[in-house]
K.L.:
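Could you have a look at this structure, given as structure tokens, before my questions?
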Amino acid sequence: MKKVDTSSWGEFRVKDIFDTIARAKRRTITSYVEGDTPYVTNSTYNNGISAYLSPKDSGDIESGHCITVNTVDGSTFWQERDFLANSSGNGLLKLYRDGMDKPTALFLCAAIKVSLDPNFTVMLTTGVVKELIIKLPQTSSGAPDWEYMRHTMETLLVRQETNLNALQELGNGGE
């Protein structure tokens, strides 16, 4: 992989990029039965999804189309679907932006993750995440270049899909 030149990118505070930054509600897995709603936790794997559960009522549901930030280790994931969440311990944050799509969200996830202190010398509270400065491509007017982010990630997603299909063909004996 070649290194991306970010020298012309702008610096933006997370709170200036997202419309809403909120802590997920606390729910314990033992309070629910198996179902088809993702249960997002402070996990670094599987998009943060630890199980699929059945909500008790509509008040249990967190709205999807957001980025979740694991405040324990800084893992960031795009949550396309509505979900249940476990905000135990330090918590799970939800970042919303009107009109955010998957490719743009994945770009933002990467920008957030690389901007975090890898040693985690500062606890990831809501306030710390809001003030976090991330580098993003910018337009000539200094605004985030949403089209560049979307196009870049769409290109990468197509490339990855092609690579996965090639691997599957190899696994099937080239059929």
Side-chain angles (χ1 to χ4, degrees), residues 1 4-6 8-27 36-50 52-53 55 58-87 90-117 124-162 164:
M1 294 215 8
V4 177
D5 179 11
T6 62
S8 64
W9 290 15
E11 293 184 340
F12 302 88
R13 290 193 191 285
V14 167
K15 70 179 181 183
D16 296 329
I17 298 297
F18 295 94
D19 303 316
T20 304
I21 300 171
R23 188 171 300 283
K25 296 174 190 152
R26 187 176 195 287
R27 296 176 188 85
D36 60 0
T37 303
Y39 179 65
V40 179
T41 65
N42 286 344
S43 173
T44 60
Y45 303 102
N46 196 30
N47 216 49
I49 300 170
S50 296
Y52 287 86
L53 304 173
S58 61
D60 289 349
I61 300 291
E62 304 282 357
S63 295
H65 280 83
C66 70
I67 291 173
T68 53
V69 178
N70 173 344
T71 59
V72 175
D73 73 356
S75 297
T76 57
F77 297 111
W78 167 243
Q79 304 300 334
E80 186 121 20
R81 297 177 50 196
D82 291 351
F83 59 98
L84 291 164
N86 180 6
S87 189
N90 292 329
L92 185 71
L93 298 179
K94 306 172 298 175
L95 286 61
Y96 292 93
R97 177 178 175 76
D98 269 350
M100 185 167 53
D101 59 11
K102 179 179 179 176
T104 305
L106 293 174
F107 195 103
L108 290 169
C109 285
I112 292 167
K113 183 68 176 169
V114 301
S115 298
L116 292 170
D117 177 0
L124 293 179
T125 63
T126 305
V128 168
V129 171
K130 283 182 176 182
E131 295 299 323
L132 181 68
I133 296 174
I134 59 176
K135 289 190 83 165
L136 297 174
Q138 60 185 351
T139 63
S140 58
S141 66
D145 191 340
W146 301 111
E147 187 54 38
Y148 174 89
M149 289 183 251
R150 182 180 306 104
H151 175 69
T152 298
M153 290 310 294
E154 285 173 345
T155 301
L156 286 172
L157 289 169
V158 167
R159 186 181 311 149
Q160 291 308 103
E161 177 91 17
T162 301
L164 284 172

K.L.:
Measure the CD1-CZ distance between I112 and F77 for me, rounded to the nearest 0.5 Å.
P.N.:
12.5 Å
K.L.:
Does the N70 side chain pair with the main chain of S75, one donor and one acceptor, at a distance under 3.5 Å?
P.N.:
no
K.L.:
Is there side-chain contact between N42 and V72, with at least one heavy-atom pair below 4.5 Å?
P.N.:
yes
K.L.:
Any chance you could measure F107, atom CZ, to D101, atom CG, to the nearest 0.5 Å?
P.N.:
12.5 Å
K.L.:
Just jot down the side-chain contact (heavy atoms from CB on, under 4.5 Å) partners of E80, sequence neighbours excluded, or say none.
P.N.:
H65, W78, K102
K.L.:
Got a donor-acceptor contact below 3.5 angstrom from the D82 side chain to the I61 backbone?
P.N.:
no
K.L.:
Where the side chain of T155 meets the backbone of H151, is there a donor-acceptor pair that is under 3.5 Å apart?
P.N.:
yes
K.L.:
Working to the nearest 0.5 Å, report the span between CZ of F12 and CD of Q138.
P.N.:
5.0 Å
K.L.:
Counting distance only, does the side-chain N/O of T76 pair as donor-acceptor with the main-chain N or O of C109 below 3.5 Å?
P.N.:
yes
K.L.:
So, do Y52 and F83 sit near enough that their side-chain heavy atoms are less than 4.5 Å apart?
P.N.:
no
K.L.:
So do P103 and M149 actually touch side chain to side chain, heavy atoms under 4.5 Å?
P.N.:
no
K.L.:
State the CG-CG distance between L124 and L92, to the nearest 0.5 angstrom.
P.N.:
11.5 Å
K.L.:
With a 4.5 Å cut-off on side-chain heavy atoms, are F18 and K130 touching?
P.N.:
no
K.L.:
Picking from T125, V128, L93, what satisfies side-chain contact (heavy atoms from CB on, under 4.5 Å) with T71?
P.N.:
L93
K.L.:
Regarding E62 and R27, does a basic nitrogen lie under 4.0 Å from an acidic carboxylate oxygen?
P.N.:
yes
K.L.:
Give, for atom OG1 of T152 and atom CG of L106, the distance between the pair rounded to the nearest 0.5 Å.
P.N.:
12.0 Å
K.L.:
State whether a side-chain donor-acceptor pair under 3.5 Å links S43 with T41.
P.N.:
no
K.L.:
Can you list the residues that meet the side-chain contact (heavy atoms from CB on, under 4.5 Å) rule with Y96, with sequence neighbours excluded?
P.N.:
T20, S63, C66, K94
K.L.:
Could you tell me whether a side-chain N or O of N47 sits under 3.5 Å from a main-chain N or O of I49, the two making a donor and an acceptor?
P.N.:
no
K.L.:
Rounded to the nearest 0.5 Å, how far does CG of L136 lie from OG1 of T6?
P.N.:
10.5 Å
K.L.:
Checking K135 against V114 for the side chain to side chain contact (heavy atoms under 4.5 Å, CB included) test, could you report, in this order, the C-alpha distance in whole Å, the side-chain angles of both residues, the deciding distance, and whether it holds?
P.N.:
CA-CA 9 Å; K135 289 190 83 165; V114 301; over 6 Å; no
K.L.:
Please tell me if the side chains of R13 and D16 come closer than 4.5 Å, counting only heavy atoms from C-beta onward.
P.N.:
yes
